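Only this structure's heavy atoms are used, side chains among them; waters, hydrogens and symmetry mates stay out. All figures in this text were calculated on a predicted structure; none of them were measured in a lab. First the proteins, then the strands, lettered A, B, ... as listed; each starts at 1.
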There are 2 protein chains.
Amino acid sequence: MLQTTIEMEKAAVILKLLGDKTRLTIMKLIDNQACCVCEFVEIFQVSQPSISQHLRKLKDLGLVKEERKGQWIFYSVDKENEYYSFIKPILDQLPNQDYKLKELEENGTRISCC
Amino acid sequence: MLQTTIEMEKAAVILKLLGDKTRLTIMKLIDNQACCVCEFVEIFQVSQPSISQHLRKLKDLGLVKEERKGQWIFYSVDKENEYYSFIKPILDQLPNQDYKLKELEENGTRISCC
DNA sequence: TTAGTATATAACTATTTGCTTATATATACA
DNA sequence: TGTATATATAAGCAAATAGTTATATACTAA
């Protein structure tokens, strides 16, 4: 079986994006479910613009898609994207991060949106 | 089948290293064969210290191993390393880069070491 | 021992990165 | 409307990064 390949340039750009712990965790989380910005702000304890900027970079590459629901915007991995097959084996090897969402619920710090 | 996982922290560090085009290409090249520093200097057209510093970072994480042969040091991917299973699916999706070595031979610019 | 070659390390610099605060935009709802 | 909430963008800054030149170290061979 011939593996499909990806340009080196593009691969490097994607790997660099995934090489940030915050973005990598976001990607692992939204590979399973859609999350909104406010959840990430709680989870990572950083400012809202910081999260927005991470999401912007992921979106610019087409790795994530967004869906507005009222005043919230939900982000999830875009599995239709041509590079998803490249990142999937990476995400699959990462430990599940859903406990971070559970923690939010338990603390009651999970915001109104979800 | 249960996939083995890797800590998020470690995964991010490895991906960041691979997120540089020079290092990524080096890794792809030495997944097949051992190469010495002087070859990389020719291939990437950067200074020798620049290559040495890239290799140092890869070695610090244990991703590559070195073998001295006389005055030359040959680098190759360390397939015994515990993280090799993490990076292998990534490298496998990259286009083969061996033509870069062939070009060196054809140009006669491939240095004495090889 | 000495000269030449290969590689590593140190020191410096320009660029990139990820964060912050301040502000703009978009939606919901009284 | 007008106010509150969610998100995006702009601007600025400190830290990290990848390159450079200069120099040190390690090995070869005369």
Salt bridge or not between B:Asp31 and B:Lys88? Use side-chain N to carboxylate O under 4.0 Å.
no
Figure out the CG/P separation between A:Asp60 and C:dG18, and round it to whole Å.
13 Å
Without decimals, in angstroms, what is the distance between B:Glu67 CD and C:dT7 P?
13 Å
Report yes if at least one side-chain N or O of B:Arg56 is closer than 4.0 Å to OP1 or OP2 of C:dA8; otherwise report no.
no
Roughly, in whole Å, what's the span from CD1 in B:Ile51 to C1' in C:dA6?
14 Å
May I have the distance from A:Ile73 (atom CD1) to C:dT27 (atom C1'), rounded to whole angstrom?
10 Å
Rounded interatomic separation in angstrom, taking CG from B:Leu55 and P from C:dA6
16 Å
With distance as the sole criterion, is a donor-acceptor pair present between the side chains of A:Asp98 and A:Gln33 under 3.5 Å?
yes
Check A:Ala12 against B:Leu24 and note the closest heavy-atom contact, atom names and distance.
N-CD2, 3.8 Å
Scanning both residues in full, the closest heavy-atom pair of A:Met8 with B:Lys21 reads CB-CE, 4.3 Å
Which atom names give the shortest non-hydrogen contact between B:Gln48 and B:Val41, and what distance separates them?
CA-CG2, 3.6 Å
Please tabulate the protein-to-nucleotide N/O contacts below 3.5 Å involving nucleotides 27-30 of chain D, giving atom names and distances.
none

Annotated protein contacts, base or backbone, on nucleotides 15-23 of chain D with a non-hydrogen cut-off under 4.0 Å, one of B, S, - each
--SSBBBB-
Here the pair of heavy atoms bringing A:Met27 nearest to A:Leu63 is CE-CB, 3.9 Å
Can a side chain N or O of A:Tyr75 be found less than 4.0 Å away from OP1 or OP2 on D:dA6?
no
From CA spacing to verdict: side chain to side chain contact (heavy atoms under 4.5 Å, CB included), B:Leu101, B:Cys35
CA-CA 9 Å; B:Leu101 289 171; B:Cys35 295; 4.1 Å; yes
Considering all heavy atoms of both residues, which atom of A:Val77 and which atom of A:Tyr84 are nearest to each other, and what is their separation?
CG1-CE1, 3.5 Å
To the nearest Å, how far apart are A:Glu42 CD and D:dT7 C1'?
15 Å
Measuring from the side chain of B:Trp72 (C-beta onward, heavy atoms only), which nucleotide among D:dT9, C:dT7, D:dA8 has the closest atom?
C:dT7
Give me the atom names and distance for the closest heavy-atom approach of A:Cys36 to A:Phe74.
N-CD2, 4.0 Å
